[in-house]
Amino acid sequence: MTTHDGEVEDERELESLLTFIRDSRGFDFTGYKRTSLARRIRKRMQTVNFARYADYRDFLELNADEFQELFNTILINVTGFFRDPAAWDYLRTIVVPELIAQAGPGGDIRIWSAGCSSGEEAYTLAIIFAEELGIEASTKQVKIYGTDVDEEALREARAGVYPLKSLERLPEEFKAKYFEPNGGLFGFRRDLRRRVIFGRHDITRDAPISRVDLLVCRNTLMYFNVEAQAKVIERFHFALKEGGHLFLGKAEMLLADGSRFEVADMRNRVFKVQSSAGATARSTRFEPRPDSGPGKVNRRQVAELALAATPDSVLGIDRDGMVALINGAARLQFGLSADKVGTPFRDLEISYQPIELRSLIDRAHGERRSVRVNAVRREKHEGEAQYFDIVVRPLLTSEGEDLGVAITFTDTTEAIRLQQEVKRVQEDLAAAYAELQSTNAALETVNEELQSSIEELETTNEELQSTNEELETTNEELQSGNEELETMNEEMRIRTAELGEARTYLEGVLASIATGVVVLDSGLLVRSWNRGAEDLWGMRAEEVRGAGFFTLDFGLPTDGLRGMVEACNDTGRRAAPAEIDAVDRKGRSFVASVSCSPLSGPGSGVVLLMEKRRE
């Protein structure tokens with residue numbers, strides 16, 4: 001089988017596996033991005049030693065417990081209290097007061113935390129509203145719904161109990177005010193926890209929760225493909241009230257959904273339902289669009305795909321002069337990264353090179369019409385130039401409000417070069433008709449190459465976007481792994497401390513015994529020589545530790561004990577005490593009583609007790 005045929009077969013087996021998971025367990029991963037999804041499933045397959053999706057599917061059919069391990073691998077569940085503090089601070093200081101004002105005194109406030117994982121973000125929302133309203137008012141007015149497809153994560157969320165490490169980002173006053181010690185863990189306070197309801201919900205398939213004032217779904221959409229994202233956003237739009245807010249993760253944007261959402265704060269990924277479109281959109285019952293056939297793709301999805309696929313470079317600038325949009329072609333053409341969105345346009349080199357664009361923007365706003373500049377030259381490399389037709393269009397609403405401008409850069413380099421080539425050909429027409437035919441053929445070839453280059457740029461743009469999202473997923477995985485390593489390190493530190501404590505305790509016991517105590521290992525080498533032995537024989541523990549017992553030269557004739565000691569070590573049985581003539585450290589003769597006991601079993605070493613019987 002060729003490499004291409006193998007890849008096709010792998011894709012077919014993966015789709016079959018996803019269909020099997022959906023039909024047997026109700027988890028629909030068919031809308032997830034295939035690159036990220038395949039990588040996560042492969043990781044689990046390697047753990048259980050499978051190379052083919054078909055073999056792994058057979059394994060799932062026979063081992064129901066494996067489903068839970070697979071879902072835990074796919075659903076990374078990296079979360080935390082007040083994750084991305086700047087974004088939560090914006091929500092607390094700007095959005096929450098607005099929602100409370102809209103609800104009015106005593107009015108209900110409904111919040112939906114979609115993809116809530118183990119509940120940290122849902123409880124963060126409870127803390128924010130309790131701080132703004134007061135705890136008593138919050139328990140009466142605020143209701144929070146936390147949903148996820150991972151049942152294991154939901155069980156943790158319902159318990160509301162977390163280790164101290166999970167509370168590291170919380171200020172000390174929040175820990176004391178909102179968490180109660182529970183053994184070695186901390187439980188979220190019960191009166192507020194009763195206002196947080198957790199349940200299983202698939203945002204790609206299940207009907208949305210309705211009449212929501214604030215919808216939080218952070219770093220979840222990035223796992224889905226464009227079509228699945230469009231369906232989820234449609235459900236979110238239906239769920240939100242007019243004027244409601246949508247809070248996304250730092251890797252997610254709604255650049256092509258201006259008809260339903262307006263940007264509240266691009267840097268913190270907070271969006272607001274368009275008031276002009278809200279009443280119409282929510283006046284009918286929610287009915288998800290059918291999935292059959294390409295003709296059913298909604299207009300938002302078409303607009304998003306068209307923006308991503310256009311070969312022209314497009315920038316969006318709002319009325320405050322901040323960058324609101326950079327499409328893929330612009331990123332490639334001018335070396336702009338996605339993090340430039342939300343920064344002042346004047347700080348970008350493109351604002352003044354190759355032409356001063358800020359004056360053209362002011363002109364477009366002032367005249368309320370498009371401003372066009374043709375054949376603008378840009379020095380790309382030494383000796384190489386590009387040409388652009390630049391159009392600055394004001395973005396006017398149906399009511400005439402000026403929201404900003406869209407700047408389009410159309411690369412006309414090839415066109416200008418072709419014009420120059422045609423001109424040269426025309427000048428040479430009188431020389432030879434055959435040369436003209438050759439030039440026409442060359443022009444056709446150049447045109448085909450131009451078309452091919454455009455298609456390659458489109459493909460490259462899509463691959464770069466996919467790579468960016470995969471890197472974000474990898475970062476989540478690395479963070480999860482780092483937290484696991486920190487937990488293991490803490491456990492090792494505790495065990496080391498316990499071992500040190502036990503060793504100190506044992507040494508203290510041996511030191512307190514007045515009788516001479518000597519511990520020999522399985523090779524009959526000295527491992528312990530207590531203070532009683534030092535006082536009796538005059539040899540310090542440092543002098544004898546590690547030495548063979550029968551090689552030591554002190555007042556006890558050890559050869560007379562060899563048989564007893566070796567028998568005790570070999571059989572693991574205690575020997576009868578033996579009395580033997582000896583000389584103490586002061587040179588006085590006495591009869592020593594020596595008893596020998598095994599440490600635990602045959603061949604594990606012995607313990608010798610030595611004391612003066614009589615002088």
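Side chains are part of it too, since the values below use all heavy atoms of this structure and drop only hydrogens, waters and symmetry mates.
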Would you sort out whether R92 and E131 count as a side-chain contact (heavy atoms from CB on, under 4.5 Å), showing the intermediate values? CA-CA 9 Å; R92 178 181 60 82; E131 285 294 301; 5.8 Å; no
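- Contact annotation: the side chain of L214 approaches that of L99 to within less than 4.5 Å [non-hydrogen atoms, C-beta and beyond].
- Under the salt bridge (charged side-chain N to carboxylate O under 4.0 Å, His left out) criterion, no residue pair touches residues 101-116, with sequence neighbours excluded.
- With salt bridges taken as basic N to acidic carboxylate O contacts below 4.0 Å, none links R83 and E120.
- Scanning for ring pair (Phe, Tyr, Trp, His ring centres under 6.0 Å) contacts around Y90 gives an empty result, with sequence neighbours left out.
- Under the 4.0 Å criterion applied to side-chain N and carboxylate O atoms, R189 and D191 are assigned as salt-bridge partners.
- For the residue pair H245 and A264, the shortest heavy atom distance occurs at CD2-CB, 4.5 Å.
- Taking the ring pair (Phe, Tyr, Trp, His ring centres under 6.0 Å) definition, one finds that Y56 meets it with nothing, sequence neighbours left out.
- A side-chain donor-acceptor contact under 3.5 Å links T47 to the backbone of K43.
- Atoms CG and CG, on L154 and D148 in that order, are 5.5 Å from each other to the nearest 0.5 Å.
- With a 6.0 Å radius and a threshold of 12 heavy atoms from other residues, nucleotides or ligands, R169 has its CZ atom above the threshold.
- Salt bridge R495/E491: absent, no basic N to carboxylate O contact under 4.0 Å.
- Not a single donor-acceptor pair under 3.5 Å links the side chain of N268 to the backbone N or O of V270.
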side-chain contact (heavy atoms from CB on, under 4.5 Å) between V212 and Y145, intermediate numbers included = CA-CA 10 Å; V212 174; Y145 299 90; 5.9 Å; no
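- Two residues are said to be in side-chain contact when any heavy atoms from C-beta on lie closer than 4.5 Å; I135 and K177 meet this criterion.
- Scored by the ring pair (Phe, Tyr, Trp, His ring centres under 6.0 Å) test, F179 finds F81, F188 as partners (sequence neighbours excluded).
- The pair E234-K231 does not count as a salt bridge, with every side-chain nitrogen at least 4.0 angstrom from each carboxylate oxygen.
- For the pair V323 and P344, the tightest heavy-atom approach, listed with the atom from each and the gap, is CG2-C, 4.4 Å.
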How far apart are the C-alpha atoms of H237 and F261, what are their side-chain angles, what is the distance that settles it, and do they pass the ring pair (Phe, Tyr, Trp, His ring centres under 6.0 Å) test? CA-CA 8 Å; H237 181 258; F261 291 92; 5.5 Å; yes
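- Side-chain contact between I407 and I317 is present, with at least one heavy-atom pair separated by less than 4.5 Å.
- In summary, R39 and E477 engage in a salt bridge, as defined by a charged side-chain N under 4.0 Å from a carboxylate O.
- With contacts defined as side-chain heavy-atom distances shorter than 4.5 Å, the pair I21/L70 qualifies.
- By the ring pair (Phe, Tyr, Trp, His ring centres under 6.0 Å) test, Y53 pairs with no residue at all, sequence neighbours left out.
- By the 4.5 Å heavy-atom criterion applied to side chains, P208 and I203 are not counted as neighbours.
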* T124 vs W88, side chain to side chain donor-acceptor pair (under 3.5 Å): CA-CA, chis, key distance, verdict -> CA-CA 9 Å; T124 299; W88 284 103; 5.8 Å; no
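- Summarising the geometry, atom OG1 belonging to T139 is positioned 10.0 Å from atom CG belonging to L133; distances are rounded to the nearest 0.5 Å.
- Closest non-hydrogen pair, K340 versus L348, comes out as CD-CD2, 3.9 Å.
- Here the options are F129, F198, F186, the test is ring-ring contact (aromatic ring centres under 6.0 Å, His included), and the partner is Y123; only F198 passes.
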Yes or no on side-chain contact (heavy atoms from CB on, under 4.5 Å) for R195 and V142, after CA distance, side-chain angles and deciding distance?
CA-CA 7 Å; R195 302 297 294 176; V142 180; 5.8 Å; no
Output a table of donor-acceptor pairs, distance under 3.5 Å, between side-chain atoms of residues 157-165 and any protein atom two or more places apart or on a different chain; print 'none' if there are none.
| from | atom 1 | to | atom 2 | distance (Å) |
| --- | --- | --- | --- | --- |
| Y162 | OH | S118 | O | 2.7 |
| K165 | NZ | E486 | OE1 | 2.3 |

| request: Show your working on salt bridge (Lys or Arg N to Asp or Glu O under 4.0 Å) between E136 and K140 and close with a plain yes or no. | output: CA-CA 7 Å; E136 183 177 356; K140 296 177 180 178; 3.6 Å; yes
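- One side chain, H365 or D402, offers a donor N or O that lies under 3.5 Å from an acceptor on the other.
- Scanning both residues, A126 and S138, for their nearest heavy atoms gives O-OG, 4.5 Å.
- Rounding to the nearest 0.5 Å places CH2 of W112 at 5.0 Å from CD1 of I209.
- Inter-residue side-chain proximity for V341 and I326 is flagged as met; some heavy-atom pair is nearer than 4.5 Å.
- Atom OH in Y178 sits 14.0 Å away from atom CG in L167 (nearest 0.5 Å).
- In the displayed structure, E173 atom CD is contacted under 6.0 Å by more than 12 heavy atoms of other residues, nucleotides or ligands.
- Using a cut-off of 4.0 Å between Lys/Arg side-chain N and Asp/Glu carboxylate O, R493 and E490 are scored as salt-bridged.
- Contact of the L37 side chain with the L18 side chain is registered, since non-hydrogen atoms from C-beta on lie closer than 4.5 Å.
- In this structure, R218 forms a cation-pi arrangement with F247, its terminal cationic atom sitting closer than 6.0 Å to the ring centre and no more than 45° off the ring axis.
- For the atom pair CZ (R269) and CG (L91), the distance works out to 15.0 Å, reported to the nearest 0.5 Å.
- The backbone N or O of D202 lies less than 3.5 Å from a partner atom in the side chain of D206, making a donor-acceptor pair.
- Note: R235 CZ to H201 NE2 = 8.0 Å, rounded to the nearest 0.5 Å.
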Subject >> Stepwise side-chain contact (heavy atoms from CB on, under 4.5 Å) check, N461 with N327 >> reply: CA-CA 9 Å; N461 176 51; N327 78 337; over 6 Å; no
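- Between F345 and I350 there is a side-chain heavy-atom pair separated by less than 4.5 Å.
- Using modelled atom types, no side-chain atom of D84 and backbone atom of A87 make a donor-acceptor pair closer than 3.5 Å.
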field: E121 vs S113, side chain to side chain donor-acceptor pair (under 3.5 Å): CA-CA, chis, key distance, verdict
entry: CA-CA 7 Å; E121 289 193 347; S113 176; 4.7 Å; no
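- Partner of E13 under the salt bridge (Lys or Arg N to Asp or Glu O under 4.0 Å) criterion, out of R52, R42, R57: R52 alone.
- Using a 4.0 Å cut-off between a side-chain N of Lys or Arg and a carboxylate O of Asp or Glu, E98 and K272 qualify as a salt bridge.
- The side-chain contact (heavy atoms from CB on, under 4.5 Å) with K143 is formed by just one residue from the set I111, I197, D213; it is I197.
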(request) Could you walk me through whether R393 and T408 pass the side chain to side chain donor-acceptor pair (under 3.5 Å) test, one step at a time? (result) CA-CA 8 Å; R393 296 183 178 87; T408 303; 3.3 Å; yes
